[in-house]
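This report refers to the structure that appears directly beneath it.
A note on names: the letters A, B, ... follow the listed sequences, proteins ahead of strands, and every chain is numbered from 1.
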Number of protein chains: 2
Amino acid sequence: MSKSIKELLRVHKLNKTPCRADMLGVLIETDRALSEQEIKEQLAYDYDRVTVFRTLRTFIDAGLVHHVTVNMHEVKYALSKRDSRQNGDNAHAHFHCETCGQVVCLGSFSPDEAVIPEHFSVKDYELIINGLCAKCNA
Amino acid sequence: MSKSIKELLRVHKLNKTPCRADMLGVLIETDRALSEQEIKEQLAYDYDRVTVFRTLRTFIDAGLVHHVTVNMHEVKYALSKRDSRQNGDNAHAHFHCETCGQVVCLGSFSPDEAVIPEHFSVKDYELIINGLCAKCNA
DNA sequence: TAATTTTTGCAACAATGCTGCAAAAGTAAC
DNA sequence: GTTACTTTTGCAGCATTGTTGCAAAAATTA
């Protein structure tokens, strides 16, 4: 397990540091998206809150992690399956449980194929499309 | 115009107050989603920030307004076309321009029909599905 | 107009996002 | 391994935002 952490960091051209390895370990061991708070609670050591904050940003910039926002303000982070900077993996579907707050990443999707896990029920969904409007596209 | 503000408030069972009428006026005159800050800047008078905050929440609770979050933390508010509490209008597609930050509401959608306005280009989209997971569904 | 309910403004606090800077740790070259 | 250089971390600290409680003001109802 420790080996793949090292590998992941190396592949993404990030130096290996205790905090990064620790955080990555937490994210690897979870199949769902975690809030900053949830990640902190699972870390082996207490790092400065700014460090955790910056590390998450580093991971995102490196394409190692992606984020979702549910309920207006709850930001959750999850390991990207593949390097989202390189390939066409530019769409994400996430399932958010309104009761327990759990967010699971459903991976890539096309607007015409919604993959809902069995026994999950959909109340509503929201599509956020990022791109350029007509004015900025000119 | 003032008449439709009054109407909207009445239909949603909300008392008419200067702040509400003012804010509703701003939202009606815009076809896109606005941040709390943008709304404040367009108001005729300066209301307490808590009042604006609470009024937005009141509007959302009443189904008069809905919200989108882009770029992790930017929350934007837009007038709902119909009362989203009553009918099946439980899905929203929003277009977010990464350059100017503009968010336009594309209205209701099904995952298999993505309606992108002409000359808009998509970089990526995100689908947030709210509902119940298997565990909470039991 | 009076009585009752609702809304607003203010004070205040917690949590979060973020920056600059110096210390510590990591990396590379010898 | 030691040295020199680069990167990361921790800390102090500030701005913004989300939120609550309460009393004053406004709106609604009778």
Open item on the list: Is the phosphate of D:dT19 approached by B:R57 (side-chain N or O, under 4.0 Å from OP1 or OP2)?
Closed with: yes
Using the 3.5 Å cut-off, write out each protein N or O paired with an N or O of nucleotides 22-28 of chain C and the distance between them.
unit_1, atom_1, unit_2, atom_2, d
C:dT27, OP1, A:K16, N, 3.4

So which protein N/O to nucleotides 9-11 of chain C N/O distances come out below 3.5 Å?
unit_1, atom_1, unit_2, atom_2, d
C:dG9, OP2, B:D48, N, 3.2
C:dG9, OP2, B:T51, OG1, 2.9
C:dG9, N7, B:R54, NH2, 3.1
C:dG9, O6, B:R54, NH2, 2.8

Task: Phosphate contact (D:dG18 OP1 or OP2) by A:H73 side-chain N/O below 4.0 Å - done: yes
Task: Minimum side-chain heavy-atom gap B:C136-A:Q102 below 4.5 Å - done: no
Task: Side chain proximity check, B:I28 to B:L8, heavy atoms < 4.5 angstrom - done: yes
Open item on the list: When you compare the side chain of A:R32 with that of A:V104, does any pair of heavy atoms fall below 4.5 Å?
Closed with: yes
Open item on the list: If you define the side chain from C-beta out and look only at heavy atoms, does anything of A:Q42 sit under 4.5 Å from A:T30?
Closed with: yes
Open item on the list: Nearest heavy atom decides the nucleotide; on that basis, is B:R20 or B:R49 closer to the 5' end of DNA chain C?
Closed with: B:R20
TODO: State, with a plain yes or no, whether a side-chain heavy atom of B:L9 is found less than 4.5 Å away from one of B:T17.
DONE: no
Task: A:A33 versus A:K76, closest heavy-atom pair with distance - done: CB-CB, 3.5 Å
TODO: Taking the side chain as every heavy atom from C-beta outward, state whether B:R20 and B:T58 have any atom pair closer than 4.5 Å.
DONE: yes
- [ ] Quickly work out the A:M23 CE to D:dT8 P distance and round it to whole Å.
- [x] 13 Å
Task: Nucleotide D:dT28, atom C1' - distance to CZ of B:R10 in whole Å - done: 15 Å
Task: Nearest-angstrom distance from the residue atom OH of B:Y77 to C1' of D:dT17 - done: 10 Å
- [ ] Identify whether B:V26 and B:L14 are in the same connected component of the hydrophobic contact network (ILVMFWY, side-chain heavy atoms under 4.5 Å).
- [x] yes
Task: Relative orientation of the end axes in the helix from C:dT1-D:dA30 to C:dC30-D:dG1, expressed as an angle to the nearest 10° (five pairs per end) - done: 40°
- [ ] Figure out the NZ/P separation between A:K13 and D:dT7, and round it to whole Å.
- [x] 15 Å
Open item on the list: When you measure from the side chain of A:D22 to the backbone of A:L43, do you find a donor-acceptor pair of N or O atoms at a distance under 3.5 Å?
Closed with: no
Task: Any A:V65 side-chain heavy atom under 4.5 Å of A:M23 side chain - done: no
Open item on the list: Rounded to whole Å, how long is the line connecting atom OH of B:Y45 with atom C1' of D:dA26?
Closed with: 16 Å
TODO: Look at the side chain of A:H12 and the backbone N and O of A:A62, then say whether any donor-acceptor pair between them is shorter than 3.5 Å.
DONE: yes
- [ ] Please state how far atom CG in B:N71 lies from atom P in C:dC18, giving the value in whole angstrom units.
- [x] 11 Å
TODO: Mind calculating the distance between CE (B:M72) and C1' (C:dT16) to the nearest angstrom?
DONE: 12 Å
Open item on the list: Between A:T69 (side chain only) and A:V75 (backbone N and O only), is there a donor and an acceptor less than 3.5 Å apart?
Closed with: no
TODO: Using a heavy-atom cut-off of under 4.0 Å over every strand shown, decide if A:T58 touches base, sugar-phosphate, or nothing.
DONE: nothing
Task: Gap between atoms CZ and C1', on B:F53 and C:dA15 respectively (whole Å) - done: 13 Å
